[in-house]
Amino acid sequence: VSSSIVSDEPLDLGLLLIAEDNLADVGLIRMALERYHLLATVHLVRDGEAAVRFVDQVERDHTAACPTLAVLDLNLPRISGDQILLRLRSSTRWSDVPVIVMSSSLSAKDRTQAMNSGATSYFSKPSDLEHFLELGALIKDVAMAKDLGRQ
Amino acid sequence: MRATNIEPGTLMGAERWMRPVLAEISDGVVGMNTDGEVTFMNHAAQELTGWREAEAMGQPVRVVFRDEAVRDPAGNSNVLSEEEEAAGAGEEQALLISRQGSESLIAKRCVNLRDPQGGVAGSVLIFRDITGQLRAARNQERILAELRRANESLKQFSYSSSHDLQEPLRTVAIYSQLLSRRLGPGADEKTTEYLSYVVHGARRMEAFVKALTAYTEAGAAEVVSPLEQVDCKSALDAALASLRPAIEDSGAQIVTGELPIVQAHSVHILQLFQNLISNAIRYGGEKPPWIEISANRHHREWEFSVSDNGIGIPARYHSQVFGIFTRLDARGSPVRTGIGLAICKRIVERYRGRIWVESKEDRGSVFYFTIPGETKPGQTGDGT
């Protein structure tokens, strides 16, 4: 469900952090970006520790580019997406980077918890291709809302 | 000189003929006079205290009957007060220490003996060994704790399986979709057919996992949020809104009586209505469904009913329909899991209510459920 204007005009997101261990889902996220003509330089991390390392590195090194948006899977190996989110929100450089939390979970609790931990939006991964690709619309909405907020 | 108020020929006489009876019963019996001296001990009492009657006679009862208890009738007061006796002076538990030092847990009571004038003539201690009973109770507690643990890990299992099964299933479903799309119309018939089985299998499995998750969450013992005042009418309206397409497609008529406000979680009441009404529509007969929802107050609970004019349920299936994954129709659409009524049962039982069905084949069904406890009448009336 998206309110984004359907447009073929490509939108450049800049640096996009994707924290996702399942390559099948990474493929789908890329397809979703493509579907909505979203261009991005993707930084992919495939477990919680790698995510934390990247977050800390960007936090320390001010010359390093900070992603404009993050797509974070809740069920990451080693360190959960929830903990990564809390770390992002307590840092300075990441504190207002929009974060879309994704999960295969069907539990409403996970959504509430993610939103309480500072997620910008929550995406419950569907098992239908077309529905999954709507993640692109959500990413676009979140990115555009962020830009509007800046102006 | 030792005072005695035992009248010869009355109490003593009675004691004489009761002696053989008392001697043989399995409870321990110790008789004493008003000075608290032992006048009688039966076999069981001798065994439990380790004292022989001959040695115990005339001894202070607190020497013979050594126990540790909250209130000790053999200690400071060897006769019961009037109030205690009137109140029946219930049984109490105590630890009895025998002459040899062994301990046994006993249940004991003390009864006053009265002479014909109504005066206290002495008292009798009656006690029995409950060590075995206590062990059984402890055992039961242990089993309950184990059950609770098992329940907890089952919940954990089903929560993580909903997570862990969901993800690969989703991948299978989506990538087989992608595969069939890639193959396009050029694919041969068999390939298309096989792929459609993969997609359907994954979908069906997913529906089961979803249903299991819903079932587990419906009964989760820990209350995430406190109970709220649920306006059942609003919950019903929300349920009807979510069922609108099915209601419109079937041409179902929904009739609603007055509904109360109950202490519950609104999502649970909504789920109850949703599951029961969607069942009523699904198992409608030839005619458009006619569904009536009402509530009646019975004593300390509200009894809700959802009745329909559908195909009904043969009596032999009435208890089965609330089972998990029970479906009475043929294997059909892949999204049907037959868990709706099991979820209803779990929700209702969570509130210590009951759910049952009254139905005859081809005569429609009435599903009843009760929500007991602190209920309040609805704004518009008491619903009767």
Side-chain angles (χ1 to χ4, degrees), chain A residues 1 18-35 46-48 71-83 100-117 122-138, chain B residues 155-183 195-196 198-225 265-268 270-271 334-335 337 339 343:
Chain A
V1 187
I18 297 179
E20 171 62 80
D21 58 315
N22 183 353
L23 283 183
D25 284 348
V26 174
L28 291 170
I29 296 166
R30 288 189 188 276
M31 279 180 237
L33 292 173
E34 226 167 272
R35 165 69 60 94
R46 292 191 55 203
D47 69 62
V71 177
L72 181 65
D73 183 36
L74 208 52
N75 269 308
L76 286 173
R78 290 192 265 276
I79 298 173
S80 77
D82 230 31
Q83 284 171 276
I100 297 171
V101 170
M102 302 180 299
S103 167
S104 294
S105 161
L106 304 161
S107 165
K109 259 188 290 181
D110 286 344
R111 175 187 292 268
T112 319
Q113 203 180 329
M115 294 311 284
N116 288 341
S117 308
Y122 182 88
F123 185 70
S124 179
K125 295 175 183 172
S127 11
D128 177 82
L129 176 61
E130 287 305 316
H131 291 154
F132 200 113
L133 296 183
E134 276 174 27
L135 173 63
L138 179 64
Chain B
K155 225 157 53 193
Q156 198 53 46
F157 166 76
S158 105
Y159 179 78
S160 64
S161 58
S162 86
H163 264 93
D164 300 343
L165 294 178
Q166 193 62 24
E167 185 140 317
L169 272 173
R170 203 169 37 72
T171 307
V172 172
I174 293 188
Y175 276 83
S176 47
Q177 257 181 299
L178 271 167
L179 203 55
S180 70
R181 201 172 280 191
R182 260 187 105 82
L183 288 167
L195 258 177
S196 79
V198 175
V199 174
H200 276 91
R203 285 267 161 79
R204 202 173 153 67
M205 182 81 187
E206 207 200 358
F208 276 107
V209 172
K210 264 189 190 141
L212 259 183
T213 310
Y215 180 75
T216 320
E217 290 196 343
E222 75 283 332
V223 182
V224 185
S225 48
H265 292 284
S266 56
V267 60
H268 286 153
L270 188 153
Q271 265 183 305
V335 291
T337 50
I339 206 169
I343 289 177

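Order of the sequence lines sets the chain letters (A, B, ...), proteins ahead of strands, with each chain counted from 1. Below, all heavy atoms of this structure are taken into account, side chains as well, without hydrogens, waters or symmetry copies.
Contact annotation: the side chain of A/D128 never approaches that of B/I174 to less than 4.5 Å [non-hydrogen atoms, C-beta and beyond]. Residues A/K125 and B/E167 form a side-chain contact, since some pair of their non-hydrogen atoms from C-beta on lies under 4.5 Å apart. Side-chain contact check for B/T171 versus A/L28: every heavy-atom pair is 4.5 Å or farther apart.
Nearest heavy-atom pair across B/A173 and A/S127 is CB-O, 3.6 Å.
Most heavy-atom pairs under 4.5 Å with chain B: of the set A/N75, A/L129, A/D25, this distinction falls to A/L129.
Defined by atom type and a distance below 3.5 Å, a donor-acceptor pair is present between the side-chain atoms of B/R170 and A/S104.
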